[in-house]
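Hydrogens, waters and symmetry mates play no part in the numbers below; they use all other heavy atoms, side chains included. By convention in this document, chain letters (A, B, ...) are assigned in the order of the sequence lines, proteins followed by strands, and residues within each chain are numbered from 1.
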Amino acid sequence: MKTQLTKLLNDAVATLQAEGTLPAELAPEVMIERTRDRAHGDYASNLALMLAKPARCKPREIAEKLVAAIDPDEQLQKIEIAGPGFINFFLDNQAWHSVIDDILAQGDLYGRSDYGKQRRIQVEFVSANPTGPLHVGHGRGAAYGAAVADLLAAIGYNVHREYYVNDAGRQMDILAASVYLRYLELCGATLTFPANGYQGDYVWDIAASLHRAHGEALQHPVEAVFQDVPADEPAGGDREAHIDAIIARTRTLLGQIRYRLVFDEGLNAILGNIRQDLEEFGVRYDEWFSERSLSDNRSVEAAIERLQRSGHVYEKNGALWFMSTDFGDEKDRVIVRDNGQSTYFASDIAYHANKLERGYDRVIDIWGADHHGYVPRVKAALKALGDDPDRLDVLLVQFAVLYRGGEKVQMSTRSGEFVTLRELRREVGNDAARFFYVMRKCEQHMDFDLDLAKSQSNDNPVYYIQYAHARVRSVFRQLQEKHLNWDRDAGSEGLSILLESHEQDLIISLSRYPEVLETAAIHHEPHQLTHYLRELANDFHTYYNAHTFLVDDTKVRNARLNLIEATRQVIENGLGLLGVSAPDTM
RNA sequence: GCGCCCGUAGCUCAGCUGGAUAGAGUACUGGCUUCCGAAGCCAGGUGUCAGAGGUUCGAAUCCUCUCGGGCGCGCCA
């Protein structure tokens, strides 16, 4: 309909240009919008306002000329000029009815499109370090990333969902050391756990399974582990130096193979836990990309060499620096430390180079907002490598701040004081969690009131929408109990009698769904879908209260059942894209 | 100090990316069911869109500055 109106207006402009009323050199972009208020018709265009200046003419005069030049169309009931010069299109009441047939025919495909033309997009999200369970902050990234990926897939992109596993690097070594120390404690040793170690209970669990699998075979005297280790922070020393020394000692004592055993025990346990968590949360991936693989296959070295060849690398104080300031970054960044170790940033350069090499038309990174300072240097690196940094979109998700009993819940992975995603899911359910997480724009801070979310009170908009779905199911159950039947084809034949205002509103809302999907996907804004679904549910509940569907008049009954079944279908489709279930009963 | 994000009704947030009288939920008050699920519906009002300039036919939306809040500014990841 929109494209049809656009064509009508374009033709009108051409007509006026041909007769010299409008300057021929104008090439206006015709904008057609849904009206916010039905008093303004169904669609409106600001074309006359746009043309006013270049045509040196009053907007309302142009509007009148345009309207006069528009070819008649049977779908159009009338055209009005309003306000400063808007052209308002009023569609025939029956113009919308066909959407009901479309929905029932297309089923769960309704709303999908080929806008993306199967262009390939990679979406990388969550990618939390496997050093502990996912917490509620990761949950938002998971829900948001999954929704964005599903939305893009729904409008015809070929989406590749990826998790970058940080299975290399110092944090993982700290985890391995933490596991080993807990293991020693299980063997009966007494020691002071490092301030910088991972203190969560899950570390005990990993140590316990290590102990079950290997008994005391990996044991070394505590004195040996702490030999020549500088004091920890509580003892007046440096916490970083302390833990690094413990890692080094653990490595030496265990040797390469056994150290890897401990390391992998931690990695596999936690990664397995993360994968299960996401799976249960309805978040699925096409690929789990290992950071370690980048160093194993020398991709990191290769990336560093490419950077060196680009001429934007120099040496200073024994370290290798990337001149990211040449590309707008605030300062230059180290890629190889003076001890020969490449930095996390170096891995990230290799990883992003790898992503682009894989030939995606577009690469989307979803990061926690605390990483925003990282964006310029990654883009700088891509530019230096001769890649197009604009192929990379970085979406930043603000943290969800938890409130419990009216107080902010402090979170720190290290200290182990955090609410896990799993706990949240158990408390409020997957549906509410998935929906709540994407209700707000990603760059908006989110206050997550645990008490409210936990309480079974129904301030929760997800129930409101699910209830609309369950209500439709219930109507059809009633239909059977009353031994009535639904003739879908007859309903389709009789759609023209759906002329009540509630029916019109509902039908128009249904017709908006594909447009909502498209804008929500293009702008990476799943919250638009949540708002839409709430409005749709509202239209349905209003209709439900105003009219009875199971009436004796079979023509009316069938048509109305077609309408509410179409509504149910759209709710199911929309909730499905958000990872929320559409229940038959509440 | 520098950079990024945010500031809209008492509270939580939308505002279709520059359009018409700035809207929802929640909270508060009152009403609606012999009838398909009342987890619902209807009615009632609230705004210095943080503030000040600027851009134009038109600004909550774009630009500049100020104020307030969050985050970031490691040879950590």
Side-chain angles (χ1 to χ4, degrees), chain A residues 31 33-37 39-40 44 46 49-50 52-53 58-59 82-86 88 129 131 166 168-172 174 240 291 316-321 329-331 333-345 347-348 368-376 396 398-399 401 439-447 449 452 456-461 463-464 466-468 470-479 481-482 484 512 515-516 519-520 522-523 525 527-528 530-532 534-535 537-538 540-551 557 560-561 564 585-586:
Chain A
M31 304 271 288
E33 292 179 322
R34 294 263 184 179
T35 53
R36 202 174 348 181
D37 186 345
H40 298 137
N46 61 354
L49 298 169
M50 309 274 289
K53 192 168 193 183
K58 288 180 187 168
F86 288 101
N88 292 335
N129 282 345
T131 52
N166 295 99
R170 183 164 169 268
Q171 293 304 321
M172 287 305 297
I174 293 176
E240 308 290 348
E291 177 187 359
K316 191 177 85 180
N317 301 335
L320 206 59
W321 296 69
D329 196 10
E330 292 173 352
K331 51 174 76 170
R333 310 290 174 177
V334 171
I335 48 178
V336 180
R337 293 197 266 165
D338 58 4
N339 64 6
Q341 288 262 314
S342 59
T343 59
Y344 173 86
F345 179 42
S347 298
D348 239 16
D370 55 335
H371 286 73
H372 72 253
Y374 217 76
V375 179
L396 300 169
Q398 292 286 342
F399 285 135
V401 180
M439 264 170 53
R440 295 182 174 87
K441 283 194 293 201
C442 67
E443 67 265 30
Q444 194 73 254
H445 298 97
M446 178 159 62
D447 292 341
D449 187 334
L452 182 71
Q456 292 296 325
S457 75
N458 299 293
D459 308 328
N460 197 333
Y463 290 144
Y464 181 85
Q466 289 180 317
Y467 179 45
R471 257 185 159 174
V472 176
R473 291 293 205 209
S474 178
V475 169
F476 279 89
R477 282 194 295 272
Q478 278 294 317
L479 180 77
E481 279 175 29
K482 292 184 175 181
L484 297 171
R512 279 176 53 212
E515 297 166 22
V516 171
T519 56
I522 291 170
H523 298 108
E525 294 181 341
H527 75 274
Q528 290 199 26
T530 67
H531 283 95
Y532 166 80
R534 213 211 163 274
E535 287 160 21
N538 182 33
F540 171 76
H541 286 308
T542 301
Y543 179 37
Y544 183 98
N545 268 69
H547 297 281
T548 305
F549 310 141
L550 300 181
V551 291
R557 186 173 73 228
R560 286 183 174 171
L561 289 175
I564 66 169
T585 59
M586 296 302 285

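Per the geometry, CE belonging to A/M586 stands 10 Å off P belonging to B/A39, to the nearest Å. Distance NE2 (A/H523) to C1' (B/G15): 14 Å, rounded to an integer number of Å. Spacing between atom NZ of A/K441 and atom P of B/C5 amounts to 12 Å, rounded to whole angstrom units. As rounded to whole Å, 17 Å separates atom P of B/G37 from atom NE2 of A/H547. In this structure, the CG atom of A/D338 is 13 Å from the C1' atom of B/G74, given to the nearest Å. In this structure, A/H541 atom NE2 and B/U33 atom C1' are separated by 16 Å, rounded to whole Å.
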Atom pairs under 3.5 Å, N or O on each side, protein against nucleotides 54-57 of chain B: can you list them with distances?
residue: B/C57; atom: OP1; partner: A/K53; partner atom: NZ; Å: 3.2

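Contact between the side-chain N/O atoms of A/Y464 and the OP1/OP2 oxygens of B/C41 is found at a separation under 4.0 Å. Taking 4.0 angstrom as the limit, A/K316 places none of its side-chain polar atoms (N or O) nearer than this to OP1 or OP2 of B/C75. Within the 4.0 Å cut-off from OP1 or OP2 of B/C75, not a single side-chain nitrogen or oxygen of A/Q341 is found. Close to B/C42, at under 4.0 Å from its OP1 or OP2, lies a side-chain N or O of A/T542. Taking 4.0 angstrom as the limit, A/K331 places none of its side-chain polar atoms (N or O) nearer than this to OP1 or OP2 of B/C2. Within the 4.0 Å cut-off from OP1 or OP2 of B/C41, at least one side-chain nitrogen or oxygen of A/N538 is found. In this model, the phosphate group of B/C4 is not approached by any side-chain N or O of A/Q398 to a distance below 4.0 Å at OP1 or OP2. Contact between the side-chain N/O atoms of A/R471 and the OP1/OP2 oxygens of B/A38 is found at a separation under 4.0 Å.
Using modelled atom types and a 3.5 Å distance limit, the side chains of A/Q528 and A/T519 yield a donor-acceptor pair. Between the side chains of A/N129 and A/Q171, no donor-acceptor pair is found at a separation under 3.5 Å.
Nucleotides B/G40 and B/G45, compared at atom P, are 23 Å apart to the nearest Å. Separating the C1' atom of B/C67 from that of B/A52 is a span of 11 Å, rounded to the nearest Å. For the P atoms, the distance from B/C57 to B/C71 is 43 Å, rounded to whole Å. When the P atom is used for both B/G53 and B/U46, the distance is 26 Å, rounded to whole Å. Between B/C49 and B/G10, the distance separating the two P atoms is 12 Å to the nearest Å.
Place A/F476 and A/H531 on RNA chain B by their nearest nucleotides, and A/H531 ends up nearer the 5' end.
Using the six-membered ring where Trp is involved, A/F345 and A/Y374 have ring planes that are perpendicular, over 60° apart on the 30 and 60° scheme. Ring pair A/Y543/A/F549 is tilted by interplanar angle, where 30° to 60° counts as tilted.
Centre separation under 5.5 Å together with a plane angle under 30° holds for the ring of A/H371 and the six-membered base ring of B/A77, marking them as stacked.
A donor-acceptor contact under 3.5 Å is formed by the side chain of A/N46 with the base of B/G19.
Scanning both residues, A/I564 and A/V472, for their nearest heavy atoms gives O-CG1, 3.6 Å.
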